[in-house]
Every structure is written in C-alpha cells, then in structure tokens.
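Here the structure comes first, spelled out in structure tokens, and everything after it is commentary.
Both counts, for ligands and for their atoms, begin at 1 and track the order of listing.
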Amino acid sequence: MIKKRKVLVLGSGGREHAFVYKFHNDPLVSEIFCSPGNGGTGLIAKNILLDLDNHNEIMSFVKDNNIDLTVVGPENPLADGIVDSFRKSNLIIFGPDAFCAQLESSKIFARDIMSEYNIPHPKYYACSNKQEAMEAKNTLGLPIVLKADGLAAGKGVIICNTESEFDDGLKHMYEKNTFGEASKLVSVEECLIGEELSVFAVCEGKNYKILNTAQDHKRVFDNDLGPNTGGMGAYSPTPLSTNSIITQTSRNIIEPTLKAMNDKGHPYSGFLYVGIMIVDGKPYVIEYNVRMGDPETQVVLPLLESSLFDLLYKSATESLSDVDMQIADKTAVTVVLASKGYPNHYEKNMVIDMQIDEGDLVFHAGTTIDKGLLYATGGRVLNVVGFGNNLQEAILDAYKISNRIKFKNKYFRTDIGQKGLRYK
Ligand code: AMP
Ligand code: GLY
C-alpha cells in the first residue's frame, strides 16, 4: 500500500484554494493544511494561522505535524528565503531559493540574466535617478515602460505613451514614494507591442515540464480598460501557444534561464511562470514570476489530470524526470467575481448566495465563513471555473455559473476569453 502524505499550502487566495482542491482529490494525499487559507480552503483542508514571515514558526508546525511537503503560493515568502530555511532543516518544500527568487523580486537582476544568457528581452536601462531615466528615454523613445526593481504587489509597472505620462511616472518612481523601496532602482524599458501570454513550468535543476499556458485579463473593465488588478479572469490554454511558440519559449527562454541559475550555483526548483510578449512570431520575456499566477492557477491546475502531489514532491526531491504528467485536452476559463470598486475602495462583509449545481467549480479568494454563512471579505471574492471542449464552450459554462451566484455589489468582466476567440 502507498503511504498517504500530508501537505501544507501557504497563502490565502483563489490560487491556494486551487492547490488545496487538487490535493483534496489526490489519492496520494491524506491530510491538507492551509495557512492562512480562506472560506473555501476551510471546507476541504484545515485552515491554520501561521505568520508567513516567521520561518521558524512554520517549520515547527511542519515538524510537529509530520508534514511531508510544503507548497508556497505567493512570492514574498520565497523572496524572504523560506526555501533556504526549510532546506537547512532538511524539510521538503517546493519552490525556488532566495537567490533564484530574485528573478521576480528584482527586475534588474532578471534583465541582467536575460542579457548575459541571450534570452530575448526588451532593451532596458537600470536607472537610479530621474536624470538617468531621462537619458534612457532619449535613446529608447516613446512608448516606454518604467518598472520598479523590487516587489510592488504587481503594481510597480507604468506604461508611458506620452511625455506627460512619462513625467508623471518618474514622479511616482522617484519623488512620491508610491512604490517605497521597490523603486530605488528602476528598469526603464523599450515597450514591446504584441500579444501576451503566460507559460507555466515545473522545474528541478535543468529539468522541467511545461504545465500549460494561459492568458490573464489584468485590467478591471471590459476591453482591457481601467486600472490594473491582480487579474480579473484567465483561460487556459491559449491559442497563442502554438508549437512554434512553445518550442522557442523552451529553447530560448526556459532552458537558458535554468542554465543560468545552475551556473550560478543555485539550481532552480519550483514553478517558473514566464510572462511573454510575442512580437513578429518570436517570444520575448516581459517578466518572470517564481510562483504560479493568480487567477491562472485556477485554470491551469484543474486541467492537470495526473497527481499534483507526485509532480511537486518528486520535483522537490530531484526526480522530476520520473513523473508521468497528464494534461486534459480541454479548455478552462475562470471569471473573477469581485466586490465593486476593486482594486480601489470596495465594500466587505456581504452575504454570498451560492446557487450552484453539484460539480460546478468555484474557488474562493476573499471569503470567510461565519456561523454557516459565507461572506465576501476581499476585493477578488470568488473565481468561477468553466470547462469545455473549446474556448467558446468554456466561456459559456463559466458565465452560466457566474450569473447564478449572488451578493451585493458583485462585479465581473463580461469578456473573459474573448481575446482568445479572436486569435483563432
Ligand atoms: P508586470 O507587473 O511585470 O506583469 O507588468 C504588467 C504589465 O505591463 C504586463 O503584463 C505587460 O502587459 C506590461 N509590460 C511590462 N513590461 C513591458 C514591456 N517592456 N513592454 C510592453 N509591455 C510591458
Ligand atoms: N495574474 C498575474 C500574477 O499572478 O502575477
């Protein structure tokens, strides 16, 4: 008989609910803990409150409860070196160490690696003051991108189409302290114009497997208007990911990135999320993330047919090549049901009325359960997932379920996936 394993998932969003859901349905897993979790994870795992900044507290919990595998959702614990701490204590965790996490936590570190290893990327200048940024603009011209070097909760990027947007952007980076320490250094970049997609890989040293591709919808309103959010919806896979794009991404981006980390004495372990812009049929790196995306995980993981535990555990223990990974030949769409006003001010504590059928898949993001009632307690509240044999079917399924869920101030985009239909 196989020994069933215990898992700890760190984080509290829809992404983490998707991890917990996969482990819940995994015959290799006996018990799941999620910290801090949300209303949805609490239904199928044990939510526990641990301080995600306190590695010792987390490791004590792991030892006391004989956890076999820890999986990290968000980027901050990775950038803070939680993987380094676990490894020093011989505890198994899936994720990159702090050195590799710089691929996300320092945009300049990432661009310098791309430059050193000839990985296709936009021209960029590392600028520590306004004067340097203005000189970079004289060379690159408009439109231009300003990117805070450090972690800024996904908000540190300003795209400037005009001189006045550029002046304003410089003020946010260097004067107004909008991004705090993150913009002490700024990557001033050529603005690439093309189609954007994300490629997700599971990596162990120089080995990797591509999990799937997806396309996010970052702006809050339909037709990609309004402010940037954490993501209002996604679909997987995207028709942009042709064989040619996948082959070029593997050879020209993922393999040299893994080689770079290996050469520098830090073999990469963990998810690698490559944000790509396709320009004239060629993929360029917009950004790396060293974790899964949110809400992309909510469409990528349900399409994984084989065991998530087997994939991550073997990967964390250096036998990724032994994994037989199976991906469903279907399309998934997720629609984020948000509280109106997100990503700015929004109301909380509205009761949610879930009129869904058994088998409908809804991941929770900002929810809490209190005395048997479900409350919306975050900006992104729920992630409805629809499936189909093609994108059109999956879109219809996701919106059918989205329309049945009721709460005051419910807001969602009505065009998730439409971009994908246009590529076909
Ligand atoms: P990020 O936070 O790095 O994902 O950036 C947010 C968004 O800004 C990306 O999803 C792209 O749409 C856009 N972006 C970032 N860098 C560039 C670039 N160099 N050229 C064009 N668009 C970019
Ligand atoms: N959905 C974008 C991200 O997770 O960074």
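Between Lys259 and Asp263, at least one side-chain nitrogen of the basic residue sits less than 4.0 Å from a carboxylate oxygen of the acidic one, meeting the salt-bridge criterion. Using a 4.0 Å cut-off between a side-chain N of Lys or Arg and a carboxylate O of Asp or Glu, Lys406 and Asp353 do not qualify as a salt bridge.
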So Phe33 and Phe61, ring pair (Phe, Tyr, Trp, His ring centres under 6.0 Å) or not? Walk me through it. CA-CA 10 Å; Phe33 298 90; Phe61 180 84; 5.2 Å; yes

Pair Arg404-Asp360, salt bridge (charged side-chain N to carboxylate O under 4.0 Å, His left out): steps then yes or no: CA-CA 11 Å; Arg404 290 214 204 107; Asp360 288 346; 3.3 Å; yes

Run the numbers on Lys137 and Glu163 for salt bridge (charged side-chain N to carboxylate O under 4.0 Å, His left out), then give the verdict. CA-CA 10 Å; Lys137 195 213 67 185; Glu163 293 289 343; 2.7 Å; yes

Working note: Asp224 + Lys218, criterion salt bridge (charged side-chain N to carboxylate O under 4.0 Å, His left out); need CA distance, chi angles, decisive distance, verdict. CA-CA 7 Å; Asp224 292 335; Lys218 285 194 169 114; over 6 Å; no

Give the C-alpha distance, both sets of side-chain angles, the deciding distance and a yes or no for side-chain contact (heavy atoms from CB on, under 4.5 Å) between Arg219 and Arg413. CA-CA 9 Å; Arg219 304 296 193 98; Arg413 274 181 66 159; 4.1 Å; yes

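Of the options Glu116, Glu189, His121, Glu287, a side-chain hydrogen bond (donor to acceptor under 3.5 Å, both in side chains) to Arg111 is made by Glu189 and by none of the others.
Taking 4.0 Å as the cut-off, Gly231 does not count as a neighbour of ligand 2 on heavy-atom distance. Between Lys107 and ligand 1 there is no heavy-atom distance shorter than 4.0 Å. Residue Gly275 places every heavy atom at 4.0 Å or more from ligand 1. In this structure, Arg15 falls outside the shell of residues with a heavy atom less than 4.0 angstrom from ligand 2.
Asn390 and Thr331 are not linked by any side-chain donor-acceptor pair at a separation below 3.5 angstrom, with hydrogens and angles left out of the test. Checking Gln248 against Ser244 by side-chain atom types alone, a donor-acceptor pair falls below 3.5 Å.
Within the 4.0 angstrom cut-off, atom 7 (C) of ligand 1 has no protein heavy-atom neighbours.
With hydrogens left out, the protein atom closest to atom 4 (O) of ligand 1 is Glu287 OE2, 2.7 Å, a heavy atom. Looking at atom 2 (O) of ligand 1, its nearest protein heavy atom turns out to be Val157 CG2, 3.4 Å. The nearest heavy-atom contact from the protein to atom 22 (N) of ligand 1 is Met277 CE, 3.7 Å. From the protein, the heavy atom lying nearest to atom 13 (C) of ligand 1 is Ile159 CD1, 3.6 Å. Among all protein heavy atoms, the one lying closest to atom 23 (C) of ligand 1 is Ile286 CD1, 3.8 Å. Of all protein heavy atoms, the one lying nearest to atom 10 (O) of ligand 1 is Glu196 OE2, 2.5 Å.
For the pair Leu192 and ligand 1, the shortest N or O to N or O distance falls below 3.5 Å. Checked against a 3.5 angstrom limit, the closest N/O atoms of Lys218 and ligand 2 fall outside it. For the pair Lys147 and ligand 1, the shortest N or O to N or O distance falls below 3.5 Å. When only interatomic distances are considered, the shortest N/O to N/O separation between Asn228 and ligand 1 does not fall below 3.5 Å.
Heavy-atom contacts of Cys191 reach the following atoms of ligand 1: 20 (N), 21 (C) (cutoff under 4.0 Å). Those atoms of ligand 2 that come under 4.0 Å of a heavy atom in Gly230, given as number and element, are 1 (N), 2 (C). Annotation for ligand 2: atoms under 4.0 Å from non-hydrogen atoms of Glu296 are 1 (N), 2 (C), 4 (O). Near Gly293, with a cut-off below 4.0 Å to any heavy atom, the atoms of ligand 2 are 4 (O). Those atoms of ligand 1 with a heavy atom of Pro122 less than 4.0 angstrom away are 19 (N). Listed by atom number, the atoms of ligand 1 under 4.0 Å from Lys218 heavy atoms are 4 (O), 10 (O). Interface of Glu190 with ligand 1, defined as ligand atoms under 4.0 Å from a residue heavy atom, comprises 18 (C), 19 (N), 20 (N).
Taking the ring centroids of Phe19 and Phe271, they lie under the 6.0 Å cut-off. Taking the six-membered ring wherever Trp is involved, the centroid distance between the rings of Tyr268 and Tyr208 does not fall below 6.0 Å. You'll find the ring centres of Tyr273 and Tyr288 outside the 6.0 Å limit. Remark: aromatic rings of Tyr342 and Phe412 are distant, center separation not under 6.0 Å.
At a 4.0 Å heavy-atom cut-off, ligand 2 touches Arg291 through the side chain alone.
When the heavy atoms of Val336, Thr297, Asp216, Asn289 are ranked by distance to atom 1 (N) of ligand 2, first place goes to Asp216.
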